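Since the structure comes first, as structure tokens, the remarks are kept for the end.
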Amino acid sequence: MKYWLMKSEPDEFSIDALKQKKSEPWSGVRNYQARNFMREMRVGDLIFFYHSSCPEPGVVGIAEVGSETHPDPTQFDAKSDYYDAASKQEEPRWLLIDVKYKRKLKRTISLDEIKQLDLGDFALTRRGNRLSVLPVTKSQWDQILALE
DNA sequence: GCCAACGTTGGC
DNA sequence: GCCAACGTTGGC
């Protein structure tokens, strides 16, 4: 069992939106590193749902991986913002998984608090980090969740 | 293969 | 809205 963190701008897709929809195909990831992490995901892995680009960035909920990776259909949709003309049906460049709602945290565990923990090397708090999908170790997971 | 220009992310 | 950091693109 592995642990992950996935970012979303609450204006675009919030934890409340996920709660309402129960599960969401996570389309639109267009970064190779993030894609490669998704490829390592297995059904049942746990995900910190993180709100970014908002008044209080931080972990707001827990989700789980609801499917194996499969091709992201938006890459083939010319009308989509995520359309990639260079990606071929026979060899899809971009993948997605389904993100399944588990629960909302009692409160937001802010980025500020997370930075104050001693988490070692952590992609979320690495300087200049922009990854939207990143791995979390069990120890990092437990330390962050202990703040709830 | 280098690297400047450009676009995007995301905290503040 | 600003801007640092970083990934990608494309000319050479």
Side-chain angles (χ1 to χ4, degrees), chain A residues 2-21 23-41 45-66 69-137 139-148:
Chain A
K2 287 186 176 166
Y3 300 88
W4 307 95
L5 181 145
M6 296 178 82
K7 297 177 184 173
S8 184
E9 299 187 18
D11 288 348
E12 297 294 323
F13 194 80
S14 68
I15 186 70
D16 290 322
L18 182 64
K19 183 178 183 177
Q20 202 173 5
K21 295 193 69 177
S23 183
E24 178 74 2
W26 210 253
S27 58
V29 173
R30 294 294 179 271
N31 170 285
Y32 289 105
Q33 227 182 323
R35 180 204 65 185
N36 293 344
F37 284 135
M38 285 201 294
R39 209 146 47 188
E40 291 175 34
M41 290 181 176
D45 282 1
L46 293 175
I47 302 165
F48 274 146
F49 197 94
Y50 179 94
H51 279 173
S52 66
S53 297
C54 59
E56 195 186 20
V59 175
V60 294
I62 295 174
E64 69 180 354
V65 177
T69 45
H70 47 101
D72 179 345
T74 62
Q75 70 195 301
F76 304 121
D77 178 2
K79 291 195 288 291
S80 168
D81 287 346
Y82 302 122
Y83 179 59
D84 183 351
S87 184
K88 299 197 174 61
Q89 290 276 357
E90 320 82 66
E91 205 183 334
R93 182 177 291 180
W94 304 113
L95 304 169
L96 60 72
I97 52 128
D98 291 341
V99 174
K100 201 169 142 197
Y101 178 80
K102 272 190 88 76
R103 73 176 179 91
K104 214 173 144 173
L105 298 190
K106 295 181 207 111
R107 66 180 193 87
T108 299
I109 299 172
S110 71
L111 176 60
D112 206 45
E113 292 171 84
I114 292 170
K115 280 179 176 166
Q116 286 169 39
L117 296 171
D118 186 13
L119 296 174
D121 187 35
F122 186 30
L124 182 72
T125 48
R126 235 178 257 156
R127 199 170 61 103
N129 160 69
R130 292 160 50 199
L131 266 182
S132 62
V133 177
L134 53 99
V136 178
T137 65
S139 153
Q140 289 163 347
W141 179 276
D142 290 343
Q143 283 188 73
I144 292 167
L145 206 50
L147 295 177
E148 186 184 8

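Within every chain, numbering begins at 1; the chains are lettered A, B, ... in the order of the sequence lines, protein sequences first and strands thereafter. Keep in mind it's a predicted model, so treat the numbers as computed, not measured.
A:L124 places its CG atom 8 Å from the P atom of B:dG11, with the value rounded to the nearest Å. Straight-line distance from the CG atom of A:N129 to the C1' atom of C:dG7: 12 Å, rounded to whole Å. Whole-Å rounding puts the A:D81 CG to B:dT8 P distance at 11 Å. One can place NE2 of A:H51 at 17 Å from P of B:dT9, the figure rounded to the nearest angstrom. In this structure, OH of A:Y82 is placed 13 Å from C1' of B:dT9, rounded to the nearest angstrom. Look at CG on A:L131: it is 13 Å from P on B:dG11, rounded to the nearest Å. Atom CG of A:L111 is separated from atom P of B:dG11 by 6 Å (rounded to the nearest Å). Note: CZ (A:R130) to C1' (C:dC3) measures 12 Å, nearest angstrom.
The main-chain N or O of A:K106 is found under 3.5 Å from a side-chain atom of A:E148 such that the two form a donor-acceptor pair. A donor-acceptor pair under 3.5 Å is formed between the side chain of A:R35 and the backbone N or O of A:R93.
For A:Y32 and A:W94, the ring centers are positioned less than 6.0 Å apart.
Not one side-chain nitrogen or oxygen of A:Y50 sits closer than 4.0 Å to the OP1 or OP2 atom of B:dT9. Within the structure, every side-chain polar atom (N or O) of A:K7 is placed at least 4.0 Å from both OP1 and OP2 of B:dG11.
Contacts of A:S53 with the nucleic acid, taken as non-hydrogen atoms under 4.0 Å apart, include base atoms.
Counting only heavy atoms from C-beta on, A:R127 has its side chain closest to C:dA5 among C:dG7, C:dA5, B:dC12. Set against C:dG7, C:dA5, B:dG11, the side chain of A:P57 has B:dG11 as its closest nucleotide.
Contact check on A:D84 versus A:R30 returns no salt bridge, with no Lys/Arg side-chain nitrogen under 4.0 Å from an Asp/Glu carboxylate oxygen.
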